[in-house]
Amino acid sequence: MDEDSILFGIRNAFALGNYQIVINEVSSSRAIHSPAAKLESQAFLYRSYVAQGKYNLVINDIAETGAEGPLAAVRLLATYLRAKQKNEAEVGQKAIEQGLALLEEGANRVDQTIQVVIATILVNDGKLEDALKVLHTRSKKLECVALAVQIYLQMDRLDLARKEVAQAKSWAEDALLLQMMEAWVDLRVGGEKYQEAFYIFEEFGQTNSEPSIKVLNGQAAANIALGRYPEAESILMEALNKNNDDPETLVNMIVCANLTGKPADVVNRYVSQLREAAPQHPYLQELDLKSSLFDRAATRFALVDSS
């Protein structure tokens, strides 16, 4: 297999969330020779380790100084996420500052890997507008477009997300990541688009001998939207068997458990598990905020014993 074909497979495996496949392929391949291809494959290797939560491995493997731009960016991502995990705000802020400084070096501002990785740090820090500025030049950069679509969906700008996908169709043809973007948008559009999203994620699952957690969650989300709760629950159980601490799977299990009328103790158990696995997950932050607002409102209507 030639170099381009190997990189094509690595890109698709990463997009589907098959991170161990990426790691195995990059670690064992002897057909990647050109400097550019080696750098790209190494960046995907370490991004896969980051996705698996192996931050220390990435930080220890990549030199703090002297690393090529994309690898330096991935190291900063690992540093930021580890700091966030440990509630080390100053370390996290320093990683952000170093990432923005890295962007200003040479042609880094138009390097797709550096753009995506630094923008990912900013998204995790809640700085969505700043992340979009990092992705400012994204023509024919599929990963940049995909992250921009995710950001627009988080901002409830479905119109802009659809526009990004429509523009990408003119040059990305039937790329796997483009299909995934279409599924994300379909899940927000609703109606008959729910079924189209399901078909996309179902196809992803069938083209791989063992669908990733990411693909399984996509299938489950589509089933939930279609009201097929037992099917969604079965798929989520399969995902939990792969990793019982995956945050997105736990969030979807909480949603599914509520929709199927599971006992409160079952729902609370999933919430507690999520708090252990990802204490700063946006779902938990929103849940705690709503609980606080409810408790505050409830005190205004507390019954007063007039006896």
| Short N-O contact, R47 and E143, less than 4.0 angstrom |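 Judged by the 4.0 Å cut-off on N to carboxylate O distance, R47 and E143 do form a salt bridge.
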| query | Taking 4.0 angstrom as the limit, do R11 and E40 come out as a salt bridge? | reply |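 Salt bridge present between R11 and E40.
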Contact check, side chains of [X] and [Y], non-hydrogen atoms, under 4.5 Å:
X: E210; Y: N18; answer: no
X: L135; Y: I151; answer: yes
X: S48; Y: Q20; answer: no
X: P282; Y: Q154; answer: no
X: R162; Y: V165; answer: no
X: M253; Y: Q273; answer: no
X: K242; Y: L216; answer: yes
X: K193; Y: L187; answer: no

Nearest 0.5 Å, please: how far is [atom2] in [Y] from [atom1] in [X]?
X: Q42; Y: D61; atom1: CD; atom2: CG; result: 9.0 Å
X: N87; Y: Q85; atom1: CG; atom2: CD; result: 9.5 Å
X: L45; Y: S29; atom1: CG; atom2: OG; result: 11.5 Å
X: T79; Y: I62; atom1: OG1; atom2: CD1; result: 9.0 Å
X: T249; Y: I235; atom1: OG1; atom2: CD1; result: 11.5 Å
X: Y283; Y: R275; atom1: OH; atom2: CZ; result: 9.5 Å

Would a single hydrophobic cluster contain both [Y] and [X], if residues Ile, Leu, Val, Met, Phe, Trp and Tyr are joined by side-chain heavy-atom contacts under 4.5 Å?
X: F201; Y: M237; result: no
X: Y270; Y: L287; result: yes
X: V123; Y: M155; result: yes
X: L77; Y: L103; result: yes
X: L132; Y: L142; result: no

| Would K84 and N124 satisfy side-chain contact (heavy atoms from CB on, under 4.5 Å), going step by step from the backbone distance to the final call? | CA-CA 9 Å; K84 186 175 182 179; N124 275 274; 4.1 Å; yes
Short side-chain to backbone donor-acceptor contact, [X] and [Y], under 3.5 Å:
X: T260; Y: A257; answer: yes
X: S292; Y: L289; answer: no
X: Q285; Y: Q280; answer: yes
X: N268; Y: A264; answer: yes
X: S212; Y: L16; answer: yes
X: E25; Y: I10; answer: no
X: K94; Y: A89; answer: no
X: N243; Y: L240; answer: no
X: S41; Y: K38; answer: yes
X: R109; Y: E104; answer: no

| said: Quick check on side chain to side chain contact (heavy atoms under 4.5 Å, CB included): which of M181, R138, Q150 does E164 satisfy it with? | reply: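 That would be R138; it is the only one of M181, R138, Q150 passing the side chain to side chain contact (heavy atoms under 4.5 Å, CB included) with E164.
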| Within 45° cone and under 6.0 Å: R188 NZ/CZ vs Y152 ring |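 The answer is no, since R188 fails at least one limit relative to Y152.
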Please report the shortest heavy-atom distance between [X] and [Y], naming the atom on each side.
X: P279; Y: L284; result: O-CD1, 3.8 Å
X: K141; Y: V110; result: NZ-O, 2.7 Å
X: A43; Y: V74; result: O-CG2, 4.3 Å
X: A83; Y: G92; result: CB-N, 3.6 Å
X: A232; Y: I224; result: CB-CG1, 3.6 Å
X: A63; Y: R75; result: O-CD, 3.7 Å

| request: Report the C-alpha separation of H281 and L250 in whole Å, then their side-chain angles, then the decisive distance to 0.1 Å, and conclude whether the side-chain contact (heavy atoms from CB on, under 4.5 Å) test is met. | output: CA-CA 11 Å; H281 194 282; L250 291 170; over 6 Å; no
Taking atom types as modelled and ignoring hydrogens, do the side chains of [X] and [Y] form a donor-acceptor contact shorter than 3.5 angstrom?
X: D2; Y: S5; answer: yes
X: E233; Y: N223; answer: no
X: Q115; Y: D111; answer: no

| task | Determine which pairs satisfy side-chain hydrogen bond (donor to acceptor under 3.5 Å, both in side chains) with at least one residue from residues 171-186, sequence neighbours left out, and list them in order. | result |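 For residues 171-186: K169-E182.
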| task | Sequence neighbours left out, what pairs pass ring pair (Phe, Tyr, Trp, His ring centres under 6.0 Å) with at least one residue falling in residues 43-89? | result |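 As it turns out, the ring pair (Phe, Tyr, Trp, His ring centres under 6.0 Å) pairs with a partner in residues 43-89, which skip direct neighbours, are F14-F44.
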| task | Begin with the C-alpha distance, continue with both residues' side-chain angles, and end with the deciding distance and a verdict on side-chain contact (heavy atoms from CB on, under 4.5 Å) for L293 and R296. | result | CA-CA 5 Å; L293 292 173; R296 193 183 310 168; 4.1 Å; yes
| message | Quick one, K140 with Q112, criterion side-chain contact (heavy atoms from CB on, under 4.5 Å). Give me CA distance, side-chain angles, the key distance, then yes/no. | response | CA-CA 10 Å; K140 298 193 177 181; Q112 177 171 222; over 6 Å; no
| query | Is it true that atom CD of E196 has more than 12 heavy atoms of other residues, nucleotides or ligands lying nearer than 6.0 Å? | reply |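 Yes, CD of E196 has more than 12 neighbouring heavy atoms, counting only those of other groups under 6.0 Å.
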